[in-house]
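The structure appears below as structure tokens.
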Amino acid sequence: MNELPLSGITVVSVEQAVAAPFATRQLADLGARVIKVERPDGGDFARRYDTTVQGQSSYFVWLNRSKESLTLDLKSTRGREILEELLAGADVFVQNLAPGAAARLELDAASLAGRHKTLIPCTISGYGTTGPWADRKAYDLLIQCQTGLVSLTGTAEESARAGVSVADIAAGMYAYSGILTSLYTRAVSGVARAVEVSLFEALAEWMHQPAYYTRFGGTQPPRLGTQHATVAPYGAYTAADGQEVLFSIQNEREWAALCERFLERPDLVDDPRFATGPDRVTHRDALNAIVAERFRRSDSREVTKLLDSAGIANAGVNSVEQFLDHPVLRERGRWRDVGIPGGTVPALLPPADLAGTAPRMDAVPAVGEHTERILAELGHGTAEIESLRAHHVI
């Protein structure tokens, strides 16, 4: 087994919530040492989002495996001095502090560049560190609203949020890829380039298709529940047993196969109402009525069998419980046990498999679990560590 790709890389992260922890967890998966700096009075507030995972937060367990937790009061002079000691030996510094906080602590990219020439600073913000909204707080659902995503999600009667933290996840992914790029650039050129990602601009990238559709089509895509706004037929329909099956038609070959082998209506192949993709969208209601009538004649198992035989992509509309026992995850061995404070839980392997390497899947840390060890590594003795604790610096 080869050494993990980021072995020897040290990441220090003053992080909270979702976006920054998601970026750094992926670095830890690849072997980086991630030192998570938390507040002494409870740590990352995501630890208290819920208590569903054996008393731990589902968010925190997801985002913080394989990290070391160090508690430091960064409002204290001594706490900031210790952080500086850590940064002197680090490769990457990640922070998603509230607007203005990094600059006040001199942890912004410009300040760090003057003190740590080889350090790669990564800033994750809500709306960017410059511009008219630099000082505004931002959370995932606020960003979903500001980018227009919520206006696209839901039914004709009611808009809805996406069911997972898509803005945070997008920002974390772009921060992760930006850090990897900067590490590569530093290795090639010796120059440490700062990385900046905002939640707003990360999710704005994902909004390109509806943005183009709206700008050049004159109206935004409609909200249609599980129906696709710009492709038809593409959506969920109810079979005779009450179960929903979703299927998608992507091209004219699939349209002909659907008509001939599932709908049993070869006459529809050349029906001018449905001749092209845009035609099928224009006449969506008539087409949906035909598809729905066919679904009512077969149960979901038979529907799936017929669609499979016709080469039409389809899927049952699973609950989360059904997803947990999905045969793809089970048979491909995607679950691994990971330690948490007081127990173990199953966790999914990272989605990118690297040949010859197994990702690190170490435990989720308790608050401040590694504080004494890290301080000892920096040369602080037992008496000094106890003094720091007595003065609530750690």
Side-chain angles (χ1 to χ4, degrees), residues 18-19 22-23 96 99 122-178 181 194-237 246-255 258 271-288 291 313 315:
V18 176
F22 188 45
N96 65 336
C122 176
T123 300
I124 302 176
S125 65
Y127 297 99
T129 57
T130 62
W133 284 28
D135 294 332
R136 289 179 73 112
K137 286 186 175 182
Y139 301 111
D140 183 87
L141 184 49
L142 304 180
I143 299 299
Q144 289 191 39
C145 291
Q146 286 293 329
T147 57
L149 178 61
V150 167
S151 76
L152 299 175
T153 309
T155 65
E157 294 74 27
E158 187 176 12
S159 61
R161 65 178 286 271
V164 295
S165 303
V166 289
D168 286 318
I169 293 168
M173 287 299 302
Y174 289 121
Y176 167 61
S177 63
T181 303
V195 177
E196 180 176 343
V197 177
S198 77
L199 273 68
F200 180 79
E201 288 160 354
L203 197 56
E205 166 66 24
W206 291 16
M207 288 292 292
H208 258 98
Q209 182 274 323
Y212 280 139
Y213 185 98
T214 302
R215 183 184 293 272
F216 296 103
T219 183
Q220 74 174 49
R223 291 196 305 269
L224 296 170
T226 59
Q227 297 282 312
H228 196 289
T230 59
V231 180
Y234 190 162
Y237 301 84
L246 185 143
F247 76 92
S248 169
I249 296 300
Q250 296 285 315
N251 53 55
E252 303 315 312
R253 177 187 57 77
E254 291 182 352
W255 168 243
L258 180 76
D271 189 313
R273 295 175 299 170
F274 312 130
T276 68
D279 291 330
R280 292 192 286 274
V281 171
T282 298
H283 298 95
R284 181 193 304 274
D285 290 345
L287 180 54
N288 277 346
V291 174

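All residue numbers refer to positions in the sequence shown, counting from 1.
Shown here are the salt bridge (charged side-chain N to carboxylate O under 4.0 Å, His left out) partners of R161, two or more places apart in sequence or in another chain: there are none. Applying the side chain to side chain contact (heavy atoms under 4.5 Å, CB included) rule to T282 yields no partners; only residues at least two apart in sequence or on another chain are considered. Here D279 pairs with nothing under the salt bridge (charged side-chain N to carboxylate O under 4.0 Å, His left out) rule; sequence neighbours left out. Under the side chain to side chain contact (heavy atoms under 4.5 Å, CB included) criterion, V281 pairs with A232, R284, sequence neighbours left out. Not counting sequence neighbours, F216 has no partner by the ring pair (Phe, Tyr, Trp, His ring centres under 6.0 Å) test. Qualifying salt bridge (charged side-chain N to carboxylate O under 4.0 Å, His left out) partners for R280, counting only residues two or more places apart in sequence or in other chains: E252.
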Pair L152, M207 - check side chain to side chain contact (heavy atoms under 4.5 Å, CB included), show working. CA-CA 10 Å; L152 299 175; M207 288 292 292; 3.6 Å; yes

Apply side chain to side chain contact (heavy atoms under 4.5 Å, CB included) to the pair V195 and Y174, showing each step before the final yes or no. CA-CA 10 Å; V195 177; Y174 289 121; over 6 Å; no

Under the criterion side chain to side chain contact (heavy atoms under 4.5 Å, CB included), I'd like the reasoning laid out for V150 against L141: C-alpha separation, chi angles, the key distance, then a yes or no. CA-CA 8 Å; V150 167; L141 184 49; 4.1 Å; yes

Side chain to side chain contact (heavy atoms under 4.5 Å, CB included), that's the test. Do E254 and I249 meet it? Break it down for me. CA-CA 6 Å; E254 291 182 352; I249 296 300; 4.0 Å; yes

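Side-chain contact between L199 and I124 is present, with at least one heavy-atom pair separated by less than 4.5 Å. Using a 4.5 Å heavy-atom threshold, the side chains of T226 and Y237 count as separate. In this structure the side chain of S159 reaches within 4.5 angstrom of the side chain of R223, judged on heavy atoms. Using a 4.5 Å heavy-atom cutoff, the side chains of T230 and P278 are not in contact.
Residues E201 and S198 bring a donor and an acceptor atom of their side chains to less than 3.5 Å of each other. A donor atom on one side chain and an acceptor atom on the other are not found under 3.5 Å apart for D168 and Y139.
With hydrogens and angles disregarded, a donor-acceptor distance shorter than 3.5 Å links the side chain of H228 to the backbone of V231. In this structure, the side chain of T214 does not engage the main chain of A211 through any donor-acceptor pair within 3.5 Å. Judged by distance alone, with hydrogens and angles left aside, the side-chain atoms of D140 form a donor-acceptor pair with the main-chain N or O of A167 at under 3.5 Å.
Taking CZ of R215 as the start and OH of Y212 as the end, the distance is 8.5 Å to the nearest 0.5 Å. One finds the CD atom of Q227 at 8.0 Å from the CG atom of L246 (value rounded to the nearest 0.5 Å). To the nearest 0.5 Å, the span separating CG on L224 from OH on Y234 amounts to 13.5 Å. Note that the CG atom of L203 and the CD1 atom of I143 stand 7.5 Å from one another [nearest 0.5 Å]. Separation of atoms CD (Q220) and OH (Y213) is listed at 10.0 Å; rounding is to 0.5 Å. A distance of 3.5 Å separates OG1 in T129 from CD in E196, rounded to the nearest 0.5 Å.
Around CD of E205, the count of heavy atoms belonging to other residues, nucleotides or ligands within 6.0 Å exceeds 12.
In this structure, W133 and Y127 have perpendicular ring planes: the angle between them is above 60°, well past the 30° mark.
Of all the heavy atoms in A229 and P221, the pair that sits closest is CB-CB, 3.6 Å. Taking all atoms of both residues into account, the shortest heavy-atom contact from A160 to G154 is CB-CA, 4.1 Å.
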